[in-house]
*Asks:* 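Structure incoming, see below.
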Amino acid sequence: MAKPDFLVIGAQKAGTTWLEYVLKNHRQVWTPPVKELQYFNELYDSKSYGWAQRHRTTHAIKAMRWELEKKSPDLRKIELCLKIAKKITSNNWYENIFEYSPEYKIKGEMTPEYSLISPKNIEKIYTKYPHLKIILVIRDPIERAVSHIKMRIKQTEQLDHPQSEIDIFAKACANDWDVIERGNYQKIIENWGKYFGKNLKIYCSSDFKENPKPSISSICQFLDIDPDGYNVDLEKSIHEGVKISLGTSVLDEIERAQEANKIWFENNAKEYLIS
């Protein structure tokens with residue numbers, strides 16, 4: 001069976017969609033047609049990630065539709081989408097996905113939720129795949145939390161509600177464990193770094209906007225691939241954030257909830273900047 005060569009573990013709302021776009025269009029890289037396989041989350045915490053199967057199926061169907069709209073659809077990609085949409089029945093399910101990659105390409109996937117995997121389960125991943133290269137992208141934790149909460153507002157169809165109700169919902173989100181912990185980069189780096197050490201590489205999302213070419217060159221060097229092997233415009237914006245207004249009291253609550261994460265970021269983020 002094939003094995004992944006790299007994982008992008010997050011952070012959510014920190015530019016991983018742009019990174020996937022670039023790597024997917026690199027001649028030496030292969031990624032699945034569905035982003036966020038959620039494999040390790042469902043494997044180790046099926047109760048919390050009961051929605052993962054639905055997520056994969058929904059996005060696999062979308063990928064199949066896009067492929068079928070092409071003049072010459074790739075039948076192997078359609079076959080793979082059908083496999084991804086199926087329920088995980090064995091440990092071979094994951095590695096079988098990477099069998100679809102050409103041998104000359106490196107293989108990997110991106111699931112931002114992997115950043116929150118517990119140390120004991122990170123150890124299990126390391127035991128099975130000790131040579132994995134791990135990429136983590138960090139973003140100002142307050143900006144990340146604001147973007148995360150706006151995404152939740154959209155997902156839960158709160159957009160048509162009065163502003164006062166949206167703000168109440170947003171304040172509750174600000175104090176949710178996962179909104180706070182996704183910005184707890186110190187803990188994420190310690191947990192993953194304990195096992196993967198130098199095979200863990202951290203980037204700042206601001207560099208993706210301000211220094212896209214040096215950022216991708218660094219990532220390509222880390223993955224040991226051609227730094228000029230992609231065929232896309234690095235300046236292209238891939239995903240526009242949800243345009244939702246949040247009240248001042250909400251922003252104050254987010255700042256309060258993210259205070260410890262913000263202090264760490266201000267003191268340490270410069271270490272991971274390209275220049």
Side-chain angles (χ1 to χ4, degrees), residues 1-12 14-16 19-20 23-24 26 28-32 34-50 52-53 55-56 83-84 88-101 103 105-139 177-178 180-205 218-225 261 264 268-269 271-272:
M1 301 295 285
K3 297 181 179 181
D5 299 300
F6 71 91
L7 295 178
V8 177
I9 63 169
Q12 187 187 60
T16 58
L19 179 56
E20 186 203 35
L23 291 180
K24 191 177 283 291
H26 192 290
Q28 292 176 286
V29 178
W30 184 90
T31 61
V34 173
K35 186 191 177 203
E36 301 186 27
L37 292 178
Q38 301 289 347
Y39 170 69
F40 295 112
N41 290 327
E42 190 169 2
L43 179 66
Y44 299 132
D45 191 6
S46 59
K47 290 183 178 180
S48 298
Y49 289 90
Q53 174 65 40
H55 165 89
R56 283 193 301 272
K83 289 189 176 183
I84 290 173
I88 296 175
T89 55
S90 72
N91 291 334
N92 290 338
W93 179 91
Y94 188 61
E95 293 185 0
N96 184 246
I97 288 174
F98 297 101
E99 291 281 350
Y100 284 78
S101 169
E103 290 187 6
K105 293 190 177 187
I106 66 166
K107 308 168 288 298
E109 63 124 337
M110 307 188 181
T111 300
E113 278 81 4
Y114 288 166
S115 64
L116 300 183
I117 292 176
S118 68
K120 69 175 183 179
N121 290 327
I122 295 173
E123 182 179 17
K124 292 176 184 177
I125 296 172
Y126 175 75
T127 299
K128 190 164 183 61
Y129 304 115
H131 303 296
L132 261 180
K133 292 184 177 181
I134 310 297
I135 294 174
L136 170 68
V137 186
I138 62 176
R139 179 185 181 184
W177 177 86
D178 69 321
I180 295 172
E181 288 303 300
R182 288 179 195 273
N184 189 350
Y185 308 128
Q186 180 179 15
K187 183 178 179 180
I188 294 168
I189 292 169
E190 287 176 355
N191 288 346
W192 283 88
K194 179 180 178 180
Y195 297 99
F196 287 93
K198 292 183 179 179
N199 269 7
L200 168 64
K201 188 76 171 177
I202 299 107
Y203 293 90
C204 289
S205 65
S218 174
I219 290 170
C220 288
Q221 183 180 14
F222 177 59
L223 297 177
D224 196 23
I225 55 178
N261 294 339
W264 182 93
N268 295 277
E271 178 182 347
Y272 306 112

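Keep in mind that this is a model prediction, so the values were computed, not measured.
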*Asks:* Does any non-hydrogen side-chain atom of Ile106 lie less than 4.5 Å from one of Lys133?
*Replies:*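 A side-chain contact under 4.5 Å is absent here.
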
*Asks:* Can you label the angle between the Tyr39 ring and the Tyr94 ring as parallel, tilted or perpendicular, going by 30° and 60°?
*Replies:*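 It falls in the parallel class, under 30°.
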
*Asks:* Just verifying a value: how many Å separate Ile134 CD1 and Ile202 CD1, rounded to the nearest 0.5 Å?
*Replies:*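 CD1 of Ile202 is found 11.0 Å from CD1 of Ile134.
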
*Asks:* Might you confirm whether atom CD of Glu181 has over 12 heavy atoms from other residues, nucleotides or ligands at distances under 6.0 Å?
*Replies:*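 Yes, the 6.0 Å shell around CD holds more than 12 heavy atoms from other groups.
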
*Asks:* For residues Ile125 and Tyr114, determine if any side-chain heavy atom of one lies less than 4.5 Å from a side-chain heavy atom of the other.
*Replies:*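 The answer is no, as the side chains (C-beta and beyond) never meet within the 4.5 Å cut-off.
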
*Asks:* Mind checking whether Tyr272 and Trp264 have parallel, tilted or perpendicular rings, split at 30° and 60°?
*Replies:*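 Plane angle under 30°, so parallel.
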
*Asks:* So do the side chains of Ile188 and Ile138 get within less than 4.5 Å of each other, counting heavy atoms only?
*Replies:*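 Contact flag for Ile188/Ile138 side chains = no.
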
*Asks:* Between Pro119 and Tyr195, what is the shortest heavy-atom contact and its length?
*Replies:*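 Minimum heavy-atom contact is O-CE1, 3.6 Å.
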
*Asks:* Could you check whether atom OH of Tyr126 has more than 12 heavy atoms from other residues, nucleotides or ligands sitting under 6.0 Å from it?
*Replies:*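 Atom OH in Tyr126 is not crowded, with 12 or fewer foreign heavy atoms closer than 6.0 Å.
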
*Asks:* With the side chain counted from C-beta on, respond yes when Phe6 and Thr31 share a heavy-atom pair under 4.5 Å apart, and no when they do not.
*Replies:*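 When only atoms from C-beta onward are counted, Thr31 and Phe6 do touch, with a gap below 4.5 Å.
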
*Asks:* What is the minimum heavy-atom distance between Gly108 and Pro32, and which atoms define it?
*Replies:*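 Nearest pair, atom of Gly108 first, then Pro32: O-CD, 3.2 Å.
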
*Asks:* With a 4.5 Å cut-off on side-chain heavy atoms, are Leu223 and Asp5 touching?
*Replies:*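 No; the side chains remain at least 4.5 Å from each other.
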
*Asks:* Hey, does Asn199 have a side-chain heavy atom less than 4.5 Å from the side chain of Leu132?
*Replies:*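 A side-chain contact under 4.5 Å is absent here.
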
*Asks:* Where is the tightest heavy-atom contact between Trp192 and Ser115, given as atom of each residue plus distance?
*Replies:*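 The answer is NE1-O, 3.7 Å.
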
*Asks:* Partners of Thr16 by side chain to side chain donor-acceptor pair (under 3.5 Å), sequence neighbours excluded?
*Replies:*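 Scan of Thr16 (side chain to side chain donor-acceptor pair (under 3.5 Å), adjacent residues dropped) gives Lys35.
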
*Asks:* Has the side chain of Lys24 got a donor or acceptor atom that lies under 3.5 Å from a matching backbone atom of Val29?
*Replies:*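 No, the answer is negative, given that no donor and acceptor are paired below the 3.5 Å cut-off.
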
*Asks:* Quick one: does Glu109's side chain get under 4.5 Å of Ile97's, heavy atoms only?
*Replies:*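 No. Closest side-chain heavy atoms not under 4.5 Å.
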
*Asks:* Please check this pair: side chain of His55 against backbone of Glu36, looking for a donor-acceptor N/O pair closer than 3.5 Å.
*Replies:*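 The answer is yes, because a donor-acceptor pair under 3.5 Å joins these two groups.
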
*Asks:* Heavy atoms, side chains only, cut-off 4.5 Å: are Ile88 and Leu43 in contact?
*Replies:*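 Answer no - side chains too far apart.
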
*Asks:* Roughly how far apart are Leu200 CG and Leu7 CG, rounded to 0.5 Å?
*Replies:*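 Between atom CG of Leu200 and atom CG of Leu7 there are 11.0 Å.
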
*Asks:* How long is the gap from OH on Tyr49 to OH on Tyr44, to the nearest 0.5 Å?
*Replies:*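 Between atom OH of Tyr49 and atom OH of Tyr44 there are 13.5 Å.
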
*Asks:* How close do Pro112 and Ala11 get, heavy atom to heavy atom, and via which atoms?
*Replies:*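 Residues Pro112 and Ala11, closest heavy atoms: CB-C, 4.2 Å.
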
*Asks:* Does a salt bridge link Lys83 with Glu99, judged by any charged N lying under 4.0 Å from a carboxylate O?
*Replies:*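 Looking at Glu99 together with Lys83, the answer is no, because their closest N to O distance does not fall below 4.0 Å.
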
*Asks:* Looking at every heavy atom in both Ser205 and Ala14, which two are closest together, and how far apart are they?
*Replies:*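 Minimum heavy-atom separation between Ser205 and Ala14: CB-O, 3.0 Å.
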
*Asks:* Under a 4.0 Å threshold between the charged nitrogen and the carboxylate oxygen, would Glu113 count as salt-bridged to Arg182?
*Replies:*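 Yes, Arg182 and Glu113 are salt-bridged.
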
*Asks:* What I want to check is whether the side chains of Glu95 and Asn92 have a donor and an acceptor closer together than 3.5 Å.
*Replies:*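 Side-chain D/A pair, Glu95 to Asn92: absent.
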
*Asks:* About how many Å separate CD1 of Ile9 and CD1 of Ile122, when rounded to the nearest 0.5 Å?
*Replies:*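 It comes to 7.0 Å.
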
*Asks:* The criterion is side chain to side chain donor-acceptor pair (under 3.5 Å); which residues satisfy it with Tyr185, sequence neighbours excluded?
*Replies:*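 Partners of Tyr185 by the side chain to side chain donor-acceptor pair (under 3.5 Å) criterion come out as none, since no residue qualifies.
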
*Asks:* Quick check for you: to the nearest 0.5 Å, what is the distance between Glu123 atom CD and Phe196 atom CZ?
*Replies:*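 One gets 10.5 Å once the value is rounded to the nearest 0.5 Å.
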
*Asks:* Establish, from distance only, whether the side-chain atoms of Asn268 and Glu271 form a donor-acceptor pair under 3.5 Å.
*Replies:*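 Asn268 vs Glu271: no donor-acceptor pair found between side chains.
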
*Asks:* Just how far is it from atom CG of Asn121 to atom CG of Asn191, taken to the nearest 0.5 Å?
*Replies:*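 One gets 11.0 Å once the value is rounded to the nearest 0.5 Å.
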
*Asks:* Side chain to side chain contact (heavy atoms under 4.5 Å, CB included), that's the test. Do Leu116 and Trp177 meet it? Break it down for me.
*Replies:* CA-CA 11 Å; Leu116 300 183; Trp177 177 86; 3.8 Å; yes

